[in-house]
Every structure is written in structure tokens, then in C-alpha cells.
Amino acid sequence: MTKKYAIGVDFGTESGRAVLVSLDDGREITDYVTEYSHGVIDEALPESEVELGFEWALQHPNDYLDVLKQSVPAVVKNSGIDPEDIVGLGIDFTACTMLPVNTNGDPLCFDDDWKQNPHSWVKLWKHHTAQEHANQINNLAAKRGEKFLPRYGGKLSSEWMLAKVWQILDEAPEVYDEADQFVEAADWVVSQLTGRLLRNSCTAGYKAVWHKEEGYPDNDFFKALDSRMENLAETKLKGDVVPLGTSAGQITQEMAGLIGLSPKTAIAVGIIDAHASVPGVGVVSPGKMVMAMGTSLCHMVLGEKELNVEGMCGVVEDGIIPGYYGYEAGQSAVGDIFAWYVNQAVPDYVEKEAESEGINVHQWLEREASNYKPGQSGLLALDWWNGNRSVLVNTELSGLLVGATLQTKPEEIYRALLEATAFGTRKIVDAFHKNGVVVNELYACGGLPQKNKLLMQIYADVTNRTIKVADSKQTPAVGAAMFGAVAAGADHGGYNTIVDAAKNMARIKDETYEPIPENVAVYEQLYQEYNKLHDYFGRGENDVMSRLKLIRSQSSE
Ligand SMILES: Nc1ncnc2c1ncn2[C@@H]1O[C@H](COP(=O)(O)OP(=O)(O)O)[C@@H](O)[C@H]1O
Ligand SMILES: O=C(CO)[C@H](O)[C@H](O)COP(=O)(O)O
């Protein structure tokens, strides 16, 4: 039989990339990145005078279609592979990245009547202006003892579907009324490929509080929140929720022609980007935490029971690998914090030296920071530059650096920021491990493990665990391609289960990061100090960060 292939398309924050993968061994034959031409829309609507407020983050649905139209034909062409041998395609997406659509499934922002209204656009996962709505959802759910709340670590995030939908209802009731449905971008893009709008159980479970047995929260709860939302589940969130690995159908003739695939290609239902990384690195059993490390960091681990863990993003049965409870936690900025430092705060001389050596500023800072021992800088930071996703679940929190003196060097601050993110991860690992969701070893994927060895060693030392690294540049896309192979099925050259696909296709580097005992000891001391700052600023003893944010938003009105 001729070799078979699948395509995984990873829709990230700034760009989308297609990867063509061999189904024999997971080898990535070729990939192609398409930058979103509108990027993250955070200042004004495209071709419009309408300005956006503080912490808005929108996207343009056409950018997603451009990824399909540019990246997919490019990987087919560059590989020279016959499209008939590409049996499946899967996509993964950031989430909750959601949009209102009309009865035809078209985004409201495509309509001239609606495009001047910011609420008609795609709200990106990091759109952070629905915190007040999230707070009210959480308070009411806690007061009513809603069963769903512990499954989300005791708090729903402002990044998720319910807070975003309620914000739309509150601030633009006309958009809420006009919308036939609110859908995840992952599901919308699949509908553009197949002509069928299905909701995948992964985004529905983690981001829209859907449960395999219980469905969405009761109408009573929605009614108590806001009587206008009483029937949200049957109206704006209507439609079948289907398990991961389901085929959404074959690609439409029209789309197949447009993007250069065979009309027989099976399309998998979508999955969250981070979650696709789990089979992508070959993790299909408990005890192994997968860290998708990029602009943000998502932590995923499988368990055999549904347990409550403080501040986790969620536990969803079959949410990642069928047969297991999939747990997720996360840090809403990691690479983004380093980017902030490099772009906003590094002195000129560092940029000049890096440039004269032909390396980038990250590489320069990493090299210089490697000359320090743990604790030597006397610095300690809190990693909340984009709020805290786990375990505090509060987007009002902000960053902190203590210990700076007149002698402090840029590379010491850079190192303190790397360490802060590692402490944030340690907090998450401990929260799971101590509550019965065992974490014995760590698997890292995403851009950061390829870029920064010091960072990875610090993570191994701070967590006192071995870290294995994906041997793939595009792990979520490889995971998505695996789901594409499952959608095709073994009879058509794919696989029948995601476990079979992962066993054959996932690849891990030989080199691992092992904890260094003397570093582990110093970091243990620093972590205790981090914990004190964490609780002081994060657990209500001192809410200066929330007050500053309030003053800031009042002052910018
Ligand atoms: N050498 C480096 N060390 C640490 N962080 C880096 C380095 N180079 C780039 N970054 C950070 O990596 C992040 C991008 O990660 P990547 O995984 O490629 O993106 P994404 O999360 O969008 O998929 C950026 O936030 C950037 O600041
Ligand atoms: O919340 C998410 C997963 O649950 C987002 O998809 C994720 O944080 C986006 O990450 P990145 O920009 O690093 O791909």
C-alpha cells in the first residue's frame, strides 16, 4: 500500500501553520506558516474609526480562511505528495476564541450592518474585559453550590465562553439577539471545510462548561444570572457536542478544489491547541504532565478519577484522550513576559551587543544569565504580567519584581523572569500532585523548549522532575494531524484510535533535562519565598494589584 499522510493545521495567536505528517512514523514532511494579516486586533476595528478599550483582543475570521487557502496548498505542493494519499486533516485552535454567527453560519462581522460593532467580531482567548462577568458567575455559582464549579477549580475564567457571551449580552444586546449561535473558532473553521457546524467536546468541555452526562449548567442558573440568558444552552449554544476523534465529514468539493485536497479527505472535529499536544508528544496515560510552552503555558495531565484541584482550568471526561479524565491548568503569559522584557525594558547596549554578535536579545540574555547560580541575583518575581490563570484564576493580578538594587543587571532580571514562570508551574504541579492527580514526569513542547535551554533546566530544577522534550517543531499540529488520521480510520490508511495514532506517530528527543540536586535545594528555598509573595498579593491579604488596575482603567476613560 502507498504511504499515507495527514495534515494538521494549528491556529495560534498570531499565525496559523499547516504541517504535512507521515502516518507511518509521524515525520513532519513539510510545514507552512501564514501570518494573520490582521494579527491581534487590540486598538481599532479593521478599516474603521471604532477604537477598542483596554484589554480587548479580537481577530478577523478571514485570517483563518487565509491559513487554509495558503498553508494547505503550500504543504501539498512543497511535499510533492499526491493529494489522494492525504487521508485526513485535523485542526487545533486557541480557545476560548469565539464568535457570533448568523443562521447561515456566517460571522456577524462579515455583515456590513454589524461590522462596526466590536462585539460582532471574534473574541480571542486573551480578550480580558469580561472579568466582572466572570466574577458574578463565580459568586452566584458558589452561592448556589453549583456542581460544575469544582470541576473548574472553583472559578470560571473571564477568557471562557460564558463570561464572553454575557459580556456581549450586557454591552451589545442587539448583537446577542442577532446571533443565531456563539461558536468556537475551531468549530467554525471545521464548518467551513465540511459544511457542518458541530461542537467538539474539548472546547465545549473546557471552555463552555459542558459535561458529558450533565450537559451545560441548568437553565435555572442562567436565569438567575440574567433572565435574558435563561435558554442559552438550547439557543445560542445549541447543536450537537461530539467527542474528539469524530469525523466531521469529508471536505466539501468546493473547499477541496480551493485548497488542493482530494474530496475524499476526512476532516476531524477541532481540538484546543494545547490539548492536541498531549497525543502529539505520545502521552496517552496518567502521571505525565504535558507543558505546551509558548506565549502562554498550558499544563495537561490525564487521570483515572474526577478529582477537585484548586484553580485548575478544568477536568473533562474524555476531554483529551478517550477513557481518561483530562486535566488542564495554565499560565496566561510565559514567552510573552520574556517578549515584554526584551521589547520594552532592555537597555540599548544589550541590543547593540547582541546585534554585533549576530544573535537575538533572548539568546544574549540567556547566555549571560547562565553564568549566575540559582539565588545569586537576589531577585524574585511574580509571573503575573498577564494575570494568573492557575491557581488563583484572576486576570486582575499583575507582575512584581523584588530584590532589585543599583547593581542589578538586565540578564539577572531576565533570569528572575524565567524563574518566576518556573515557580508558577511548580505551584500548578504541586496543586495536582498533592490532590491525587499524580505528576511524575514532565513533557515539554511548543516553541520555548527549542529556544532556551536555561529555561528548561530551571524548570527541571524548580519542579525537581525530569523533562522530556518533543522532537517536533509543531507538536499541536502533529496532534491535530493524528486526529485527522483517526477521522479517516484504519480502513482508509489512518488509525482507528488516537492511542494507536500516538503510539506510531509521536516523537520525543533522546536528550532530557534532569534536576541538578544543588540547584533543587536553592530553588526550594526561593519557592517558599515565592509562595509567600503569591499568597500575600494573590489571596486577598493585599489587593493592591486590583486597586491599581481599577485606578488605571478609570484614568484611561
Ligand atoms: N530564546 C528565547 N528564550 C525565551 N523565550 C523566547 C526566546 N525566543 C522567543 N521567545 C518567546 O517565545 C514566544 C513564542 O513562542 P512560540 O511557541 O513560538 O509561539 P506561540 O505560543 O504563539 O505558538 C514569544 O513570546 C517569545 O517571547
Ligand atoms: O487557553 C488556551 C488553551 O486552553 C489557549 O489556547 C492558549 O493559552 C493559547 O496559547 P498559545 O498562544 O501559547 O498558543
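Each ligand, and each atom within it, is numbered from 1 in the order the structure gives.
- Within the cation-pi definition used here (under 6.0 Å to the ring centroid, within 45° of the axis), R415 does not qualify as a partner of Y372.
- The protein heavy-atom contact nearest to atom 18 (O) of ligand 1 is K451 NZ, 2.8 Å.
- M293 does not count as a contact of ligand 2, since none of its heavy atoms falls under 4.0 Å from the ligand.
- Among E411, E357, E353, the single residue meeting the salt bridge (charged side-chain N to carboxylate O under 4.0 Å, His left out) criterion with R367 is E357.
- Between T295 and ligand 2, at least one pair of N/O atoms sits closer than 3.5 Å.
- The salt bridge (charged side-chain N to carboxylate O under 4.0 Å, His left out) with R17 is formed by just one residue from the set D92, D31, D10; it is D10.
- Contacts of M293 with ligand 1, taken as heavy-atom pairs under 4.0 Å, involve the backbone alone.
- There is no side-chain donor-acceptor pair under 3.5 Å between N435 and N308.
- Screening F182, Y152, W166, F148 for a ring-ring contact (aromatic ring centres under 6.0 Å, His included) with W160, the sole residue that qualifies is Y152.
- Of all atoms in ligand 1, listed by their number and element, those nearer than 4.0 Å to a heavy atom of A339 are 27 (O).
- Within the 6.0 Å centre-distance limit, the rings of Y36 and Y64 are counted as a close aromatic pair.
- Distance from atom 17 (O) of ligand 1 to its nearest protein heavy atom, with residue and atom name: G447 N, 2.8 Å.
- For the side chain to side chain contact (heavy atoms under 4.5 Å, CB included) criterion with F11, the lone passing option out of T97, V189, D273, T94 is V189.
- Of all protein heavy atoms, the one closest to atom 7 (C) of ligand 1 is H362 CG, 3.4 Å.
- Under a 4.0 Å criterion applied to the non-hydrogen atoms of F338, ligand 1 contributes the atoms 4 (C), 5 (N).
- Of the protein's non-hydrogen atoms, the one nearest atom 12 (O) of ligand 2 is T13 OG1, 2.7 Å.
- Near T94, meaning under 4.0 Å from any of its heavy atoms, are these atoms of ligand 2: 6 (O), 9 (C).
- Looking at atom 9 (C) of ligand 2, its nearest protein heavy atom turns out to be W125 CE2, 3.6 Å.
- Below 4.0 Å from some heavy atom of K207 lie the following atoms of ligand 2, by number and element: 1 (O), 2 (C), 3 (C), 4 (O).
- The structure places CG of L417 at 12.0 Å from CD of E412, a figure rounded to the nearest 0.5 Å.
- In terms of polar-atom proximity, S296 is counted as a contact of ligand 2, with an N or O under 3.5 Å from an N or O of the ligand.
- The part of R389 lying near ligand 2 is the side chain, judged by heavy-atom distances below 4.0 Å.
- A distance-only check finds a donor-acceptor pair linking the side chain of D63 to the backbone of H38 [under 3.5 Å].
- Taking distance alone, with nitrogen or oxygen atoms compared against 3.5 Å, A95 approaches ligand 2 more closely than that limit.
- Under the 4.0 Å criterion applied to side-chain N and carboxylate O atoms, E159 and R389 are assigned as salt-bridge partners.
- Note on ring orientation: taking the six-membered ring where Trp is involved, the planes of Y530 and H534 are tilted (angle from 30° to 60°).
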Table please: side-chain donor-acceptor pairs of residues 336-349 below 3.5 Å, with sequence neighbours left out.
residue, atom, partner, partner atom, Å
Y341, OH, P410, O, 3.0
N343, ND2, A339, O, 3.1

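- Only the side chain of E328 comes within contact range of ligand 2, with a heavy atom under 4.0 Å; no backbone atom does.
- V183 pairs in a side chain to side chain contact (heavy atoms under 4.5 Å, CB included) with only one of the listed residues (M161, R199, K236), which is R199.
- Considering CG of L232 and CG of L162, their distance stands at 7.0 Å, rounded to 0.5 Å.
- Residue-level proximity to ligand 1 for T295 is carried by backbone and side chain together, each with a heavy atom below 4.0 angstrom.
- Taking every heavy atom of I272 and a limit of under 4.0 angstrom, the matching atoms of ligand 2 come to 3 (C), 4 (O).
- From the protein, the heavy atom lying nearest to atom 11 (C) of ligand 1 is L448 CD2, 3.6 Å.
- Only the side chain of Y414 comes within 4.0 Å of ligand 1, judged by heavy-atom distances.
- Close approach of ligand 1 to D336 is summarised as follows: ligand atoms under 4.0 Å from at least one heavy atom of the residue are 25 (O).
- Protein heavy atom nearest atom 3 (N) of ligand 1, with residue, atom name and distance: N452 ND2, 3.0 Å.
- In this structure, the protein non-hydrogen atom closest to atom 26 (C) of ligand 1 is G335 O, 3.8 Å.
- Of the heavy atoms in D273, only side-chain atoms (C-beta onward) come closer than 4.0 Å to ligand 2.
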